[in-house]
A.B. asks: 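Just dropping this structure here.
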Amino acid sequence: MHWSRLFIPTLREDPAEAEVVSHKLLLRAGYIRQLGAGLYNYLFLAQRSLLKITNIIREEMDAIGAQEFYLPGLNPAEIWQESGRYDVMGDNLFRLKDRFGRPMCLGMTHEEVMTSIARGELRSYKQLPQIWYQIQTKFRDEPRPKSGLLRVRQFIMKDSYSFDLGPEGLDVSYEKHRVAYCRIFDRCGLEYVTVEAHSGAMGGSQSQEFMVRTNAGEDYVVICRQTGYAANLEKASSRPTPPAQPDPEGDLSPAEVHTPGAKTIEEVAAFLKVPATSLIKTLVVVATDSEGKDRPMVALLRGDHQLSETKFQSVAGCGEFRPAHPLEIRDWFGADAGSLGPVGVSKLPIFIDEALRGRRNMISGANKDDYHLLNVTPGEDFTGAWGDFRQVAEGDTDIETGAPLEVAKTVEIGHIFKLGYKYSHSMGLNVLSHDGSEVPVIMGSYGIGLERILCAAVELFADKDGICLPVPIAPFEVVITPVKISDESLRAAADHLYAELRKAGVDALYDDRDLSPGVRFKDADLIGVPWRVVLGKKLSAGFVEIVERRTKSTTEVPVAEAAAWIKAKVDAAKAYPSA
RNA sequence: CGGGGCGUGGCUCAGCCUGGUUAGAGCGCCUGGUUCGGGACCAGGAGGUCGGUGGUUCAAAUCCACUCGCCCCGACCA
């Protein structure tokens, strides 16, 4: 294509509203323009790139026998009410009414629609397994869209759904997806990690996320370089740092100590001149049980540790919970939040974090304002249910080996998830099994965010000059730049090379704009074309220069060989990376 | 939803505090010419209801109120 005729509105300066690298660059490079908060126009370059991503995904999904559908983004509220997600999703679900006042919504994912198709048509185990997918626009009424294309209200997702007779079948479908996802992200040229993810309250048994490390991300994952352990912070377990000071020896009894004004862990630790690791942190939370009644609970952690909400939900077997109100705390404990402890508490269930196991003679609140208790020993002075519900902290080590862990910021590009029977049960998806009995179908759901692949690649490989996309997802594979466009011989050679590249099936961009070379080099770097062929002075000697965008390394190649040279490079980059 | 910031030609921003002619700059854009290896130069030119509404005032981009939009922090995030 001839650049002079394309709409690639590059910007010299960073747009004021952009903060993260991918947002700034996609705007500057003319890939996207904003329409509203969390809504972006994908212009020519973005669309080309997204189409290439789409094709890679489609090839790999087809390769595992998945069948492509295309479902409505506009859904009747009814099926969402059936599955229960109409309420669960809350304000994140876009809701609207049609002209007759019928409630509708815009799909965030398509479990309901897929299940509604399946339950009408799948009747026998003989029809299983099935994997159905689509590449479609999703809507989420995000409370706070941000970071350019990373967190938006409308985006494109590849979502697939598997239907199997039993858990063994689901394992196969899940594994097929895991392999396909690795191939997809490898082919897109991304560096990523797969992490164990929190399965949520969906009743799912297993779930993995595909994450790309970048500061623009907002998901935290815990990684161990030595053991390969990797998990979402929401789910990760670790070995805590040892207590900063050994516990006092002996079989001591709790003793009150006056701690006037000391309420927070830091204040109490400073007042009593002990490290925070010697304290027991007492949190009071309130969940709502299935009948809608408040269910207060006590969570005990080491003083310096943080509660992991998701892990606590698993341990306590509850859903969403909130901190108790000050009045509730006073009512239940007879003291304020700064002086709470587990000793003597009998009306509320107590959960004790594993990091407190084996500890002795610690310090907790006394349930009496301005007093704390010394010599409190878990298991002796109070009891409760033990569990791991502490968030992994900086400095923690691998739970098995003690190898160092690191916490990394990432963006989620894909997620594979064993759904189980949630939708089969709520929406009545059953088939007849071998013995003629009706059994529910077990499902999996698997998602990939297309824009996030693009963003992640931009974040991953950008440099001071702009975007640097991997060949397979770059909008163009090579740009041809005759230094002086008015020079007949340069022009003729460029024309010829362009024709050759096109014939070879290379995605070539011909920069025929009548602009100074500097401007065109800058633009080409900015939009991130992986290869550039420059036709200049050396053409008279029969050579062109080929510049690799990522390394800026330059190779002189005879004009006659240039097309083949580029073709070989491009093909190599698009071949499946062998492990 | 709480806290903060911003809204002035296409882009980046100045002017606002301390109200007072025709509202500025750089970049971009248009015309002509000279250029042509890393965001060229000369000459000429177009383009702005200062987000909106209401108020204060002889007079409002500037002060006040309301409102809309966008960005950031937090809450939230299958």
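Remember, predicted model here, so these are calculated numbers, not experimental data. Just so we're on the same page: letters track the sequence lines, and every chain starts at 1.
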A.B. asks: Rounded to whole Å, please give me the gap between NZ in A:K24 and P in B:U12.
C.D. replies: 12 Å

A.B. asks: Once you apply the 3.5 Å cut-off to both distances, tell me the Watson-Crick or G-U wobble partner of B:G26, or none.
C.D. replies: B:C11

A.B. asks: Is any N or O donor-acceptor pair between the side chain of A:R28 and the base of B:G39 shorter than 3.5 Å?
C.D. replies: yes

A.B. asks: If we ignore hydrogens and angles and just use 3.5 Å, is the side chain of A:K311 paired with the main-chain N or O of A:R390 as donor and acceptor?
C.D. replies: yes

A.B. asks: What integer number of Å spans the C1' atoms of B:G48 and B:G15?
C.D. replies: 14 Å

A.B. asks: CD of A:E17 versus P of B:C13: gap in Å, rounded?
C.D. replies: 9 Å

A.B. asks: Could you tell me the separation between the CG atom of A:L490 and the P atom of B:G37, rounded to a whole number of Å?
C.D. replies: 11 Å

A.B. asks: Give me the distance, rounded to whole Å, that separates B:C73 from B:C30 when you measure between the P atoms they each carry.
C.D. replies: 37 Å

A.B. asks: Can you work out whether A:M108 or A:L35 has the more 5'-proximal nearest nucleotide on RNA chain B?
C.D. replies: A:L35

A.B. asks: Provide the distance between the two P atoms, one in B:C70 and one in B:C58, to the nearest whole Å.
C.D. replies: 38 Å

A.B. asks: Report yes if a donor N or O on one partner sits less than 3.5 Å from an acceptor N or O on the other, where the partners are the side chain of A:D465 and the base of B:G38; otherwise report no.
C.D. replies: no

A.B. asks: For B:A65, which nucleotide is its Watson-Crick or G-U wobble mate, given both distances must be under 3.5 Å?
C.D. replies: B:U53

A.B. asks: Name the closest nucleotide to the A:E19 side chain, picking from B:G38, B:G37, B:C72.
C.D. replies: B:C72

A.B. asks: What's the gap between B:A25 and B:C71 when it is taken at their P atoms, as a whole Å value?
C.D. replies: 30 Å

A.B. asks: Checking salt bridge (Lys or Arg N to Asp or Glu O under 4.0 Å) between A:E545 and each of A:K537, A:K538, A:K552, which is the one that passes?
C.D. replies: A:K538

A.B. asks: Rounded to whole angstrom units, what separation is found between the CZ atom of A:F521 and the C1' atom of B:A40?
C.D. replies: 14 Å

A.B. asks: Where is the tightest heavy-atom contact between A:V411 and A:A456, given as atom of each residue plus distance?
C.D. replies: CG1-CB, 4.3 Å

A.B. asks: In this structure, how many angstroms lie between the P atom of B:C1 and the CG atom of A:D141, rounded?
C.D. replies: 11 Å

A.B. asks: Mind checking if A:D525 touches a base, just sugar-phosphate, or nothing, with heavy atoms under 4.0 Å?
C.D. replies: base

A.B. asks: Using the C1' atom on both, measure B:C63 against B:U57 and round to a whole Å.
C.D. replies: 10 Å

A.B. asks: Judged by atom type as modelled, is there a donor-acceptor pair below 3.5 Å linking the side chain of A:S83 to the main-chain atoms of A:Y423?
C.D. replies: no

A.B. asks: For atom P, what is the distance between B:C16 and B:G28, given to the nearest Å?
C.D. replies: 28 Å

A.B. asks: Please give the distance between the P atoms of B:G44 and B:C27 as a whole number of Å.
C.D. replies: 15 Å

A.B. asks: Write down the distance between CZ (A:R12) and P (B:G38), rounded to a whole number of angstrom.
C.D. replies: 14 Å

A.B. asks: Rounded to the nearest angstrom, tell me the gap between atom CG in A:L526 and atom P in B:G28.
C.D. replies: 15 Å

A.B. asks: Could you check whether A:E545 gets within reach of a base, just the sugar-phosphate, or nothing at all, counting any heavy atom under 4.0 Å?
C.D. replies: base

A.B. asks: Please determine, for the side chain of A:E309, which listed nucleotide (B:A40, B:C71, B:C76) has the closest atom?
C.D. replies: B:C76

A.B. asks: Within the structure, does a side-chain N or O atom of A:S516 lie under 4.0 Å from either OP1 or OP2 of B:C36?
C.D. replies: no

A.B. asks: A:D514 CG to B:A40 C1': how many Å, rounded?
C.D. replies: 12 Å

A.B. asks: Go through B:C36, B:C71, B:C11 for me and flag the one nearest to the A:L11 side chain.
C.D. replies: B:C11

A.B. asks: Under 4.0 Å between any heavy atoms, over every strand shown, what does A:S147 touch: base, sugar-phosphate, or nothing? Just pick one.
C.D. replies: sugar-phosphate

A.B. asks: Any base atoms under 4.0 Å from A:G90, or only sugar-phosphate, or nothing? Heavy atoms, all strands.
C.D. replies: nothing

A.B. asks: Side-chain N or O of A:Q34 versus OP1/OP2 of B:C71: is the shortest distance under 4.0 Å?
C.D. replies: yes

A.B. asks: Going by purine N1 to pyrimidine N3 plus the second Watson-Crick contact, or the G-U wobble pair, all under 3.5 Å, which nucleotide sits opposite B:G74?
C.D. replies: B:C1

A.B. asks: Tell me whether A:K235 contacts the main-chain N or O of A:E196 through its side chain, where contact means a donor paired with an acceptor under 3.5 Å.
C.D. replies: no

A.B. asks: For this output row, return yes or no: ring centroids of A:F312 and A:F321 closer than 6.0 angstrom.
C.D. replies: yes

A.B. asks: According to a strict under-4.0 Å criterion, is A:K146 in side-chain N/O contact with OP1 or OP2 of B:C70?
C.D. replies: no

A.B. asks: Charged N to carboxylate O under 4.0 angstrom, A:E488 versus A:R491?
C.D. replies: no

A.B. asks: Looking only at N and O atoms, is any donor in the side chain of A:R532 or the base of B:G38 less than 3.5 Å from an acceptor on the other one?
C.D. replies: yes

A.B. asks: Do A:E13 side-chain and B:G26 base share a donor-acceptor contact under 3.5 Å?
C.D. replies: yes

A.B. asks: Distance-only, no hydrogens or angles: does the A:D465 side chain make a donor-acceptor pair with backbone N or O of A:K522 under 3.5 Å?
C.D. replies: no

A.B. asks: Return the nucleotide paired to B:U31: Watson-Crick means purine N1 to pyrimidine N3 with N6-O4 or O6-N4, wobble means G-U with N1-O2 and O6-N3, both under 3.5 Å.
C.D. replies: B:A43

A.B. asks: Regarding A:V88, tell me which of base, sugar-phosphate or nothing describes its non-hydrogen contacts under 4.0 Å with the strands shown.
C.D. replies: nothing

A.B. asks: Check A:R322 with A:D294, please: is the shortest side-chain N to carboxylate O separation under 4.0 Å?
C.D. replies: yes

A.B. asks: What nucleic acid atoms does A:P9 come within less than 4.0 Å of, heavy atoms only: base, sugar-phosphate, or nothing?
C.D. replies: nothing

A.B. asks: Mind checking if A:R144 touches a base, just sugar-phosphate, or nothing, with heavy atoms under 4.0 Å?
C.D. replies: base

A.B. asks: Looking only at the side chain of A:A16 (C-beta and beyond, no hydrogens), which of the listed nucleotides B:A40, B:C13, B:C36 gets closest?
C.D. replies: B:C13

A.B. asks: I'd like the P distance from B:A60 over to B:C50, given in whole Å.
C.D. replies: 11 Å

A.B. asks: Which part of the nucleic acid does A:S445 contact within heavy-atom distance under 4.0 Å: base, sugar-phosphate only, or nothing?
C.D. replies: nothing

A.B. asks: Which part of the nucleic acid, if any, lies within reach of A:I485 when heavy atoms closer than 4.0 Å are counted: base, sugar-phosphate only, or nothing?
C.D. replies: nothing

